[in-house]
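Working notes, beginning with the structure itself.
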Amino acid sequence: MQKIIDNIKKKPISLDQYINDCLYKYKSSYYEKDLIFGPRGDFITSPYISSIFGEIIAIFIINYFLKKKIFSFKILEIGAGEGLLAEDIIKTISKFKNIKCQYYIIEKSKKLKKIQKNKLSKLKVKWFESLEDVKIKDCFIVSNELLDAFAVKHFKKINDVWNEKFVKYDFKKKNLITKYFKITKKNHKIFNFVDKECNFIEFSPDIFKFVTGISKVLMNSKNNFFLTIDYGYNSERYRNSLQGLMKHKKVDIFSNQGFVDITYLVNFNLIKSIFQKNKVSNVNISTQSDFLKKNGIIERFNQSKKLLDSDEKISKLHLAVNRLINDKQMGSLFKVMTASNND
Ligand SMILES: C[S@@+](CC[C@H](N)C(=O)[O-])C[C@H]1O[C@@H](n2cnc3c(N)ncnc32)[C@H](O)[C@@H]1O
């Protein structure tokens, strides 16, 4: 997108502004485009691998509310992509005739919101504009691969002084390069969450607003619950994990603007610390593998395979389930974080 480059020619911009421009700001930004998900797109998320993923989440949600003897509840999905997970969850819950559920979505991309409205038109889904509009009780908030789609900043300590990464135009080489600039004031919230040993920080500034918004919803009612799934790690040290993806391959994030997905590994330790600072009492992190196994994915696979009429279909389902739970695939890189004010 030439307008991004033209802007940078006038003045360097911060890394997170660059990522936001590439992913969301313009009609030709990445998430406003067609065909980015699935085998023919740039990446595959769990709902595309198997609908068993959504079924297990649905069963987790049902169990959560039934334990509290709640038969009518709400689900709010944030960042619903093409609406696949929503469809799987709603279809699973609708099999339980004694349960009433209203599904809501918050979606940043105008294009994806349109796709969701089309796909889910018969399922009575409603959309909220932002978390500030969410004043509901008995609400389960869920997201899959949302946080890795937030734009990040890079801060680095050079000679004991913090610097921030900017994107600038190199007029000689005629391309984009990055350069660290000294921070005049260390006034970003992130500095309250790092210790003296820390020399590098990769984080999304939007994570503070997001987690605080979720914390407020959790404070609204003890029955409200948050579950998010994403690839990432749980450590006080930050990794430099920013990467571009195009057609399932790693690519440079400073070329092909609007055609490259820009993503990073979420640091769940930071999110947990923000929740704790907001006095959210119950925060847990587990691997996707543990979560799915604990909530019955193997049993569900054994049940589903009995209904399949060919060995080929069974082996396809086996491969899909294995991809979700195998530690060498998505099993341990993907984490499940839950948060609530339940004691
Ligand atoms: C990587 S995609 C994942 C989509 C879907 N959850 C899935 O698993 O296939 C990230 C999604 O989050 C949306 N998104 C990113 N930032 C958001 C925000 N602040 N609020 C709501 N949606 C957001 C994107 O537009 C996109 O729908």
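Every number for a ligand or one of its atoms is a count from 1 in the order of the listing.
- At the shortest separation from atom 19 (N) of ligand 1 among protein heavy atoms lies Phe150 CE1, 3.7 Å.
- In terms of N/O distances under 3.5 Å, ligand 1 is approached by Thr45.
- With respect to the salt-bridge test (charged N to carboxylate O, under 4.0 angstrom), the residues Arg239 and Glu202 do not qualify.
- Taking a cut-off of under 4.0 Å to the non-hydrogen atoms of Glu145, the atoms of ligand 1 that pass are 1 (C), 2 (S), 3 (C), 10 (C).
- Not one N or O of Leu112 is nearer than 3.5 Å to an N or O of ligand 1, by distance alone.
- Phe60 has its ring centre less than 6.0 Å from the ring centre of Phe291.
- Under a 4.0 Å criterion applied to the non-hydrogen atoms of Leu146, ligand 1 contributes the atoms 12 (O), 14 (N), 15 (C), 16 (N), 17 (C), 22 (N), 23 (C).
- In this structure, Tyr24 is part of the shell of residues with a heavy atom less than 4.0 angstrom from ligand 1.
- Under a 4.0 Å N-O distance rule, the pair Glu82/Lys114 does not qualify as a salt bridge.
- Contact record, Lys108 with Glu32: O-OE2, 4.4 Å, taken as the closest heavy-atom pair.
- At a heavy-atom distance under 4.0 Å, atoms from both the backbone and the side chain of Asn144 approach ligand 1.
- In terms of heavy-atom proximity, Tyr169 sits nearest to Lys174 at OH-CA, 3.3 Å.
- Residues Val125 and Gln116 form no side-chain contact, since every pair of their non-hydrogen atoms from C-beta on lies 4.5 Å or further apart.
- Salt-bridge annotation for Asp195 and Arg237: present, with a side-chain N of the basic residue lying under 4.0 Å from a carboxylate O of the acidic one.
- Closest heavy-atom approach to atom 1 (C) of ligand 1 within the set Phe37, Phe53, Tyr31: this belongs to Tyr31.
- Not a single heavy atom of Leu85 sits closer than 4.0 Å to an atom of ligand 1.
- Listed by atom number, the atoms of ligand 1 under 4.0 Å from Ser109 heavy atoms are 25 (O).
- Among the atoms of Asp148, none of the N or O lies under 3.5 angstrom from an N or O of ligand 1.
- For Phe71 and Phe65, the gap between ring centers reaches or exceeds 6.0 Å.
- Per-residue contacts place Ile106 under 4.0 angstrom from the following atoms of ligand 1 (heavy atoms of the residue considered): 21 (C), 22 (N).
- The pair Lys119-Glu87 meets the salt-bridge criterion, since a charged nitrogen lies less than 4.0 angstrom from a carboxylate oxygen.
- Among protein heavy atoms, atom 22 (N) of ligand 1 sits closest to Lys108 N, 3.2 Å.
- Proximity of Ile141 to Leu227: side-chain heavy atoms (C-beta onward) are nowhere separated by under 4.5 Å.
- Of the protein's heavy atoms, Glu107 OE2, 3.4 Å lies nearest to atom 24 (C) of ligand 1.
- Between Gly79 and ligand 1, at least one pair of N/O atoms sits closer than 3.5 Å.
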